[in-house]
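We're numbering straight along the sequence, starting at 1.
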Amino acid sequence: MQADFITPTTRYGHGVLGDAVEWSGLRISFAGPRQPPWAIEIELPADHVFEDLQPRLVDLNLDGRPDAAMVVETDMALGAALALYGVQGKIAETPHIGRANRWLAPVAAGDLDGDGRVELAYVDRPHLAKTLRIWRFEAGTLTPVAAQAGLTNHRIGDDFITSGLRTCADGPELILVDAGWNRLVAARLAAGKISRRDIGPFGAQSSLEAALACQ
């Protein structure tokens, strides 16, 4: 499976990722050993955009193969939401933030607590609310699991997101930055709650990359 944004658009002037160009379409491509390659294309309505850098592939059924794309889909009047798309189109979506020019920054998706279900993580309004939120995908729907304030992963104008998921000796952890952009933080989900711990100074993207590599 492969996913790419298509059809650039300037119809939404938020520009949080450093320019005025967003995307109005998504192409999801498939190829397998027993079938020829094929693809679907999703075109958003005129009042929506994909306000994102690139789709992220997600393995929703944990069989080792991606089967969905995780994207930021923005309603131009109601702000951003986190959405999942697959072979049949939209699978599930979180609520939109509630007003224009309000965004969320994805962190990662995976089985974050080892319970055999996939969770999606993002930072709600990384420049304002700075709140990590985790949702669980089950039976075709997304349900909120936990939230933790005081964390972020994006600065206005950056064309990259400063966070990720790592699995070191102690299991999966989300790596983000504290609200003041001074310290790296590892966040872990267990028993429906998020715990956080300081793992060192944040200096640049290289410090994040080292943390994600369990160094």
Side-chain angles (χ1 to χ4, degrees), residues 5 12 14-18 22-23 49-58 68-75 78-84 92-113 118-137 142-167 172-190 192-205 207-209 211-212:
F5 291 127
Y12 183 55
H14 192 195
V16 72
L17 291 164
E22 309 302 343
W23 306 92
V49 296
F50 292 116
E51 194 177 11
D52 205 348
L53 296 167
Q54 63 184 29
R56 298 150 195 85
L57 299 183
V58 181
M70 182 173 74
V71 297
V72 180
E73 182 176 337
T74 294
D75 180 309
L78 298 176
L82 196 66
L84 292 169
E93 182 180 59
T94 66
H96 291 272
I97 290 171
R99 57 176 293 184
N101 297 335
R102 294 296 182 265
W103 187 66
L104 60 84
V107 180
D111 184 359
L112 301 182
D113 58 359
V118 169
E119 287 82 33
L120 314 183
Y122 65 85
V123 176
D124 176 6
R125 290 159 290 170
H127 324 116
L128 296 171
K130 300 182 180 181
T131 299
L132 171 65
R133 297 192 185 278
I134 297 177
W135 293 65
R136 178 171 291 123
F137 179 80
L142 288 167
T143 303
V145 176
Q148 175 70 58
L151 297 170
T152 189
N153 61 347
H154 186 264
R155 288 180 279 206
I156 293 175
D158 283 353
D159 61 355
F160 54 88
I161 293 174
T162 306
S163 61
L165 172 64
R166 74 178 187 182
T167 302
E173 292 180 308
L174 301 168
I175 307 301
L176 306 99
V177 189
D178 75 324
W181 285 93
N182 297 310
R183 309 293 297 181
L184 285 169
V185 176
R188 182 184 297 272
L189 178 67
K193 297 181 179 180
I194 299 171
S195 61
R196 55 181 285 179
R197 61 189 181 92
D198 186 303
I199 58 172
F202 173 74
Q205 288 298 107
S207 61
L208 171 73
E209 292 166 3
L212 290 174

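- Looking at Glu119, its side chain does come within 3.5 Å of a backbone N or O of Leu112 through a donor-acceptor pair.
- Taken from CD1 in Ile161 to CD in Gln205, the straight-line distance is 10.5 Å, to the nearest 0.5 Å.
- The shortest heavy-atom contact between Ala146 and Gly192 is CB-O, 3.5 Å.
- A heavy-atom distance below 4.5 Å is not found between the side chains of Val145 and Asp113.
- Atom CD of Glu51 is separated from atom CD of Glu22 by 5.0 Å, given to the nearest 0.5 angstrom.
- Residues satisfying the side chain to side chain donor-acceptor pair (under 3.5 Å) test with Glu209, not counting sequence neighbours, are none.
- Asp111 and Pro172 make their closest contact through O-CG, 3.8 Å (heavy atoms, listed as atom of the first residue, atom of the second, distance).
- At distances below 3.5 Å, not a single donor-acceptor pair connects side-chain atoms of Trp135 with backbone N or O atoms of Thr94.
- Between Leu176 and Arg196, every side-chain heavy-atom pair lies at or beyond the 4.5 Å cut-off.
- Separating the CG atom in Asn153 from the CZ atom in Phe160 is a distance of 11.0 Å, to the nearest 0.5 Å.
- At least one donor-acceptor pair under 3.5 Å links the side chain of Arg56 to the backbone N or O of Gln54.
- Residues Leu53 and Phe5 are not in side-chain contact: their nearest non-hydrogen atoms beyond the backbone lie 4.5 Å or more apart.
- Between Tyr122 and Val72 there is no side-chain heavy-atom pair separated by less than 4.5 Å.
- Nearest heavy atom pair, residue Ala121 against residue Leu132, reads CB-CD1, 4.2 Å.
- Annotation: ring pair (Phe, Tyr, Trp, His ring centres under 6.0 Å) contacts of Phe202 (sequence neighbours excluded): Trp181.
- Between Thr74 and His14, the closest side-chain pair of non-hydrogen atoms is not below 4.5 Å.
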Q: Kindly determine whether Ser207 and Leu184 satisfy side chain to side chain contact (heavy atoms under 4.5 Å, CB included), including the steps that lead there.
A: CA-CA 8 Å; Ser207 61; Leu184 285 169; 4.1 Å; yes
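- Using a 4.5 Å cut-off on side-chain heavy atoms (C-beta onward), Arg197 and Ile199 make contact.
- Remark: Gln148 CD to Lys193 NZ distance equals 11.5 Å, nearest 0.5 Å.
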Q.
side chain to side chain contact (heavy atoms under 4.5 Å, CB included), that's the test. Do Leu151 and Leu174 meet it? Break it down for me.
A. CA-CA 11 Å; Leu151 297 170; Leu174 301 168; over 6 Å; no
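- When all heavy atoms are compared, the tightest approach of Pro106 to Ser163 is O-OG, 3.8 Å.
- Tyr12 places no side-chain N or O within 3.5 Å of a backbone atom of Asp75 that could act as its donor or acceptor partner.
- Note that NE2 of His96 and CD of Glu73 are 5.5 Å apart. Values are rounded to the nearest 0.5 Å.
- Looking at every heavy atom in both residues, Thr152 comes nearest to Pro126 through OG1-O, 2.7 Å.
- Side-chain atoms of Asp124 never come within 3.5 Å of backbone atoms of Arg133 as a donor-acceptor pair (strictly under, hydrogens ignored).
- Contact detail for His154 and Ala105: the closest heavy-atom pair is CB-CB, 4.3 Å.
- Side-chain contact check for Leu82 versus Met70: some heavy-atom pair is nearer than 4.5 Å.
- Judged by distance alone, with hydrogens and angles left aside, the side-chain atoms of Asp178 form a donor-acceptor pair with the main-chain N or O of Arg183 at under 3.5 Å.
- Between Arg155 and Thr162, the closest side-chain pair of non-hydrogen atoms is not below 4.5 Å.
- Here the side chain of Arg166 pairs no donor or acceptor atom with the backbone of Ile175 at under 3.5 angstrom.
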